[in-house]
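Remarks on the structure that follows.
For the single chain, residues carry numbers from 1 onward in sequence order.
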Amino acid sequence: MEEINLKELYDYFKERLVLILTIVLVVVVLGSAYSIFFKTPLYQSTSKVLLGSSNGTYTTNDVTLNANLVKTYSEVAKSDLVVSQVINQTGVDRSTSSIASNITLAAVSESLMIQISVADKDPETAKKITDSLVEVFIKEAKDKMKQQNFTIIDEATTPSKPYNVNLTKDVVIYLLVGVVVALATVFVIFYFDTTVKSSDDVEEKFGLPILGVVPKVKK
């Protein structure tokens with residue numbers, strides 16, 4: 001592998017600062033345009049459900065079991081059995097797969113609570129689906145999993161703003177991506193650049209001694 005002179009690499013990057021800034025600017029502008037004009041805003045409505053114990057007492061084992069069962073609960077909530085009932089109840093014009101892909105279940109840290117969230121491009125529809133989903137999920141969990149002690153703690157609310165659109169955050173991400181792309185591009189150009197950059201290159205390429213060097217004069 002060819003040895004890389006860090007001083008030459010630094011000078012190479014410095015000489016191509018305009019190219020680096022141009023690439024960064026292009027990435028930020030294109031990314032921001034995508035976020036503003038092409039990214040579909042999604043609104044997320046959330047409900048919290050408490051899984052109680054049959055005797056009214058709670059142990060660490062109950063919390064651990066609840067965390068381990070979240071994946072199972074998630075699969076139940078996203079199943080065609082549950083989602084198809086939600087569609088019938090709400091009358092929303094969505095496919096089972098599109099609703100299922102926007103359902104999120106998570107255990108609330110170190111507790112017996114489960115957070116059930118649904119995202120949709122319409123905030124009212126997101127709330128409507130979440131309400132119905134929680135109701136159907138509890139019914140099927142009681143029937144199929146014999147879990148009898150679900151209690152709704154926080155009912156779903158209508159979200160006021162999309163959860164997946166944050167222009168400030170997106171710009172920062174695009175800026176970082178642009179810097180990485182720009183530096184990688186200039187490095188690749190440097191690595192495959194076979195032009196003579198210094199007197200040492202002449203000696204290395206041609207095996208000839210250097211008798212004199214004309215310094216580069218900057219204006």
Side-chain angles (χ1 to χ4, degrees), residues 31 34-170 172-173:
Y34 167 75
S35 294
I36 295 171
F37 300 109
F38 299 101
K39 195 173 186 179
T40 303
L42 292 177
Y43 297 83
Q44 191 172 61
S45 183
T46 300
S47 178
K48 287 182 181 177
V49 176
L50 174 67
L51 174 59
S53 65
S54 56
N55 56 12
T57 60
Y58 306 97
T59 66
T60 304
N61 289 335
D62 292 328
V63 175
T64 303
L65 178 62
N66 183 51
N68 292 335
L69 283 173
V70 166
K71 189 172 182 181
T72 302
Y73 293 148
S74 180
E75 292 303 316
V76 171
K78 295 179 182 181
S79 66
D80 286 345
L81 173 67
V82 171
V83 177
S84 59
Q85 291 182 60
V86 170
I87 293 174
N88 289 335
Q89 278 189 7
T90 59
V92 295
D93 185 19
R94 304 282 189 274
S95 65
T96 55
S97 58
S98 67
I99 292 179
S101 64
N102 286 311
I103 294 173
T104 305
L105 259 80
V108 178
S109 180
E110 298 181 359
S111 73
L112 289 173
M113 294 230 286
I114 304 168
Q115 183 171 283
I116 302 176
S117 303
V118 177
D120 194 86
K121 57 187 178 182
D122 178 65
E124 291 292 343
T125 301
K127 179 188 182 304
K128 187 190 299 184
I129 293 175
T130 305
D131 286 334
S132 177
L133 177 66
V134 170
E135 179 187 333
V136 176
F137 166 73
I138 291 175
K139 178 173 70 71
E140 293 300 333
K142 288 180 178 179
D143 182 36
K144 301 295 190 299
M145 300 177 66
K146 308 305 177 186
Q147 296 283 6
Q148 302 297 323
N149 299 291
F150 282 108
T151 305
I152 299 174
I153 301 299
D154 289 337
E155 293 189 353
T157 57
T158 304
S160 58
K161 59 183 179 179
Y163 81 99
N164 67 329
V165 177
N166 186 330
L167 191 56
T168 303
K169 179 182 175 182
D170 289 348
V172 172
I173 292 173

When rounded to the nearest 0.5 angstrom, what distance separates [atom1] in [X] from [atom2] in [Y]?
{"X": "Leu105", "Y": "Leu69", "atom1": "CG", "atom2": "CG", "result": "11.5 Å"}
{"X": "Ser47", "Y": "Ile138", "atom1": "OG", "atom2": "CD1", "result": "7.5 Å"}
{"X": "Ser74", "Y": "Ile103", "atom1": "OG", "atom2": "CD1", "result": "8.0 Å"}
{"X": "Lys48", "Y": "Thr151", "atom1": "NZ", "atom2": "OG1", "result": "15.0 Å"}

Given side chains that start at C-beta, do those of [X] and [Y] come closer than 4.5 Å, heavy atoms only?
{"X": "Lys144", "Y": "Val76", "answer": "no"}
{"X": "Asp143", "Y": "Lys139", "answer": "no"}
{"X": "Phe150", "Y": "Ile114", "answer": "yes"}
{"X": "Val92", "Y": "Asp122", "answer": "no"}

Next item on the list: Check each of Leu112, Val108, Ile152 against Leu50 using the side-chain contact (heavy atoms from CB on, under 4.5 Å) test, and report the only one that passes.
Entry: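 Considering Leu112, Val108, Ile152, a side-chain contact (heavy atoms from CB on, under 4.5 Å) with Leu50 is found only for Leu112.
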Treating [X] as the side-chain partner and [Y] as the backbone partner, does any N or O pair qualify as donor plus acceptor under 3.5 Å?
{"X": "Glu135", "Y": "Asp131", "answer": "no"}
{"X": "Ser132", "Y": "Ile129", "answer": "no"}
{"X": "Asp120", "Y": "Lys127", "answer": "no"}

Note to self: If you count every heavy atom of other residues, nucleotides or ligands that lies below 6.0 Å from Asp154 atom CG, does the total exceed 12?
What the structure shows: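 Above 12, so yes.
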Notebook entry, point to check: Hey, is NZ on Lys121 packed in by over 12 heavy atoms from elsewhere, all under 6.0 Å?
Noted result: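 12 or below, so no.
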Notebook entry, point to check: So, are Lys39 and Asp170 salt-bridged, with charged N and O less than 4.0 Å apart?
Noted result: yes
